[in-house]
Number of protein chains: 2
Amino acid sequence: MATSLAEENYLKIIYRLCEGTKEDISTNSIAELTNNKAASVTDMLQKLAEKGWVTYQKYQGVRLTNIGESIALSIIRKHRLWEVFLVEKLGYNWDEVHEIAEQLEHIESETLINKLDSFLDFPKIDPHGDPIPSQEGEIPELGYLHLSEVKLNETCTLMGVAKDSAVFLQLLTKLNLSLGARLEVLEINTFDRSVSLKIAEEKPIFISHEVAKNILVKI
Amino acid sequence: MATSLAEENYLKIIYRLCEGTKEDISTNSIAELTNNKAASVTDMLQKLAEKGWVTYQKYQGVRLTNIGESIALSIIRKHRLWEVFLVEKLGYNWDEVHEIAEQLEHIESETLINKLDSFLDFPKIDPHGDPIPSQEGEIPELGYLHLSEVKLNETCTLMGVAKDSAVFLQLLTKLNLSLGARLEVLEINTFDRSVSLKIAEEKPIFISHEVAKNILVKI
DNA sequence: ATTAATTTTTAGCCTAGACTAAAAATTAAT
DNA sequence: ATTAATTTTTAGTCTAGGCTAAAAATTAAT
Ligand SMILES: [Mn+2]
Ligand SMILES: [Mn+2]
Ligand SMILES: [Mn+2]
Ligand SMILES: [Mn+2]
């Protein structure tokens, strides 16, 4: 069945909210991420339920069906592959690609995305470290930790980010924090949970808890 | 001012119809190319006139303003650059790219199309031989002839096509007619104006007047 | 257990962009 | 110069996807 641009954006956001939790998700949480009002979300949830892409009981929250999830994953696959294209081939920085990919993810073509995948040499992750779903909708569970959970004196590798707002990514770039960086946790201040880090052999930097929470690492 | 997808498609089609003629163009001719009904076209023409992108007097036809033309040219630039990308980088055939470019031409980003242009090495023509407008909206007038106008025994070079429907392009491919081919007009049948051609050193082929009309050549 | 606060849904309205049917203007044919 | 045919516009309707304001359900607080 055909999907409209609005429907695709809703499914993608519902997917993100379902990730991590078993609970059905709320109308309000969707409204926040779509920048729509709750009443508009209710309307759309009824349509999506009608099409069989979500299960929805009024007042009881919503959840993707298997079909809904596979549609969401195909949009996410397109989003992330286009991001790789923008960074690897066109020379964009990782903080510049989100808005453009937000548009490109809706281009509809059976063949296009697979040719793009092949042109890019079948990347496994996007410029933010997020895994790229396969054509069959498989997505590896990478099991990264938030840097804020890493213990004192442990060393880890920066594998991804939990947020892709431009200002956040620009801050990381300024701090010399990029994918693959080796990080050692030198200090954790109990007052505000800010963290002191050593990146490779350079001199230590300070980051807030808020930043540490949004950095994904592998021990 | 922001342009919607529907408006962009209208402007592009009005541009195509204005090309070649000095006359204002008719509501019906637009309706045919957009696959909309004349009444819907009238609605849109009023909106476009309101925005200052066309001049329009009811019952008297329509014409692009300078601003309207420059918007149309920027869409055409995007369409053609994406077609080059699809053929040159992703390996599509020239008959497969039109529909996809029809979507990609509406991606909105100041920087994207210029980075793409640079990535493709600033191509001057698209896979169908059509010139690519510059960033400033300059488009060279190539002054090609239709193959149907070429005189008996003259030799010419295939420079483009006047129609990009998939079946037409597939026919050309089957006949071994591609951009750059050297063509000699061996025969013109007065009965149906069909043409016999020699391509390079190979044995002659026959094409209908309808086909010859849609092939663009340089003497 | 009520009451209060919060969340969600319904009802009604709006705009973009399509449509059909009918009216009006233009163009062509007697 | 009328009349007929064609084209174009208007009027009214529809759907998608938003909105606000009011009603209903759920959840939290006395
Ligand atoms: Mn999107
Ligand atoms: Mn990403
Ligand atoms: Mn288009
Ligand atoms: Mn083309």
Side-chain angles (χ1 to χ4, degrees), chain A residues 1-14 17-18 21-64 68 71-72 75 102-103 105-108, chain B residues 1-14 17-18 21-64 68 71-72 75 102-103 105-108:
Chain A
M1 207 186 316
T3 49
S4 73
L5 189 145
E7 289 167 344
E8 291 185 352
N9 284 333
Y10 271 97
L11 289 174
K12 212 178 49 154
I13 277 166
I14 297 170
L17 289 166
C18 281
T21 170
K22 275 203 181 61
E23 310 285 304
D24 285 11
I25 62 164
S26 72
T27 301
N28 261 353
S29 63
I30 298 170
E32 251 179 74
L33 291 187
T34 55
N35 290 312
N36 289 328
K37 295 303 159 83
S40 311
V41 174
T42 299
D43 265 7
M44 181 56 89
L45 293 182
Q46 289 166 350
K47 286 175 198 162
L48 295 177
E50 188 60 42
K51 296 199 174 192
W53 298 335
V54 301
T55 56
Y56 165 69
Q57 309 270 41
K58 61 155 83 167
Y59 293 103
Q60 304 307 310
V62 72
R63 165 159 293 283
L64 290 177
I71 298 171
I75 311 295
E102 203 58 45
Q103 296 177 63
E105 70 189 358
H106 304 289
I107 301 293
E108 195 195 306
Chain B
M1 206 186 318
T3 49
S4 72
L5 189 146
E7 289 167 344
E8 291 185 355
N9 284 332
Y10 271 97
L11 290 174
K12 212 177 48 155
I13 277 166
I14 296 170
L17 290 166
C18 283
T21 171
K22 273 202 182 60
E23 310 284 305
D24 285 10
I25 62 165
S26 71
T27 301
N28 261 353
S29 63
I30 298 170
E32 252 179 72
L33 290 188
T34 56
N35 291 311
N36 290 328
K37 296 302 159 83
S40 311
V41 174
T42 299
D43 264 6
M44 181 57 89
L45 292 182
Q46 290 166 349
K47 288 175 197 164
L48 295 177
E50 188 59 41
K51 297 199 173 195
W53 298 336
V54 301
T55 57
Y56 166 70
Q57 309 269 44
K58 59 155 90 168
Y59 293 103
Q60 305 308 309
V62 73
R63 166 159 293 283
L64 290 177
I71 297 172
I75 312 294
E102 202 58 45
Q103 297 178 62
E105 70 190 359
H106 304 290
I107 301 292
E108 193 196 307

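Letters go in sequence order (proteins before strands), and every chain restarts at 1. Model, not experiment: these values are computed from the prediction.
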query = In whole angstrom, what separates Q46(A)'s CD from dT8(C)'s P?
reply = 14 Å
query = Should Y56(B) be listed as having a side-chain N or O under 4.0 Å from OP1 or OP2 of dT8(D)?
reply = no
ask   = Between A38(A) and N28(A), what is the shortest heavy-atom contact and its length?
value = CB-OD1, 3.7 Å
task = Over all heavy atoms of both residues, which pair between L11(B) and A72(B) is shortest? Give the atoms and the distance, please.
result = O-CB, 3.8 Å
task = Could you list the residues that satisfy side chain to side chain contact (heavy atoms under 4.5 Å, CB included) with K51(B), not counting sequence neighbours?
result = M1(B), E7(B), W53(B)
Passing candidate, side-chain contact (heavy atoms from CB on, under 4.5 Å) with L48(B), options I14(B), I71(B), V62(B) = I14(B)
ask   = Excluding sequence neighbours, so at least two apart, what forms side chain to side chain contact (heavy atoms under 4.5 Å, CB included) with Q46(B)?
value = T42(B), D43(B), Y56(B)
note = For L17(A) and T21(A) the tightest heavy-atom approach is O-CG2, 3.2 Å
Distances under 3.5 Å between nitrogen or oxygen atoms of protein and nucleotides 23-27 of chain C:
| residue | atom | partner | partner atom | Å |
| --- | --- | --- | --- | --- |
| dA25(C) | O4' | Y59(B) | OH | 3.4 |
| dT26(C) | OP1 | Q60(B) | NE2 | 3.4 |

ask   = Within this structure, what is the CG-to-P distance between L45(B) and dT10(D), rounded to whole angstrom?
value = 11 Å
task = Could you pull out all residues at least two apart from T3(B) that satisfy side chain to side chain donor-acceptor pair (under 3.5 Å)?
result = E8(B)
Contacts of type salt bridge (charged side-chain N to carboxylate O under 4.0 Å, His left out), residue E102(B), not counting sequence neighbours = K12(B)
task = Kindly compute the distance separating CD1 (I75(A)) from CG (L5(A)), expressed to the nearest 0.5 Å.
result = 9.0 Å
ask   = Got a minute to check which stems DNA chain D is part of, using Watson-Crick or G-U wobble pairs under 3.5 Å, three or more consecutive?
value = C:1-30 with D:1-30
request  = Would you list the pairs meeting salt bridge (Lys or Arg N to Asp or Glu O under 4.0 Å) in which at least one residue belongs to residues 23-34 of chain A, sequence neighbours left out?
outcome  = D24(A)-R63(A)
note = For A39(A), the side chain to side chain contact (heavy atoms under 4.5 Å, CB included) test, sequence neighbours excluded, returns none
message = Any residue in residues 26-34 of chain A with a heavy atom nearer than 4.0 angstrom to DNA chain D? Just list them by number, or reply none.
response = none
request  = Spell out protein contact along nucleotides 11-21 of chain C as letters: B when the base is contacted, S when just the sugar-phosphate is, - when no protein heavy atom is under 4.0 Å; keep the 5' to 3' order.
outcome  = ------BSBBB
L45(B) and T27(B), any side-chain heavy atoms less than 4.5 Å apart = yes
ask   = Residues two or more places apart in sequence or in another chain: which of them pass side chain to side chain contact (heavy atoms under 4.5 Å, CB included) with T34(B)?
value = Y10(B), I13(B), I30(B), N36(B), V41(B)
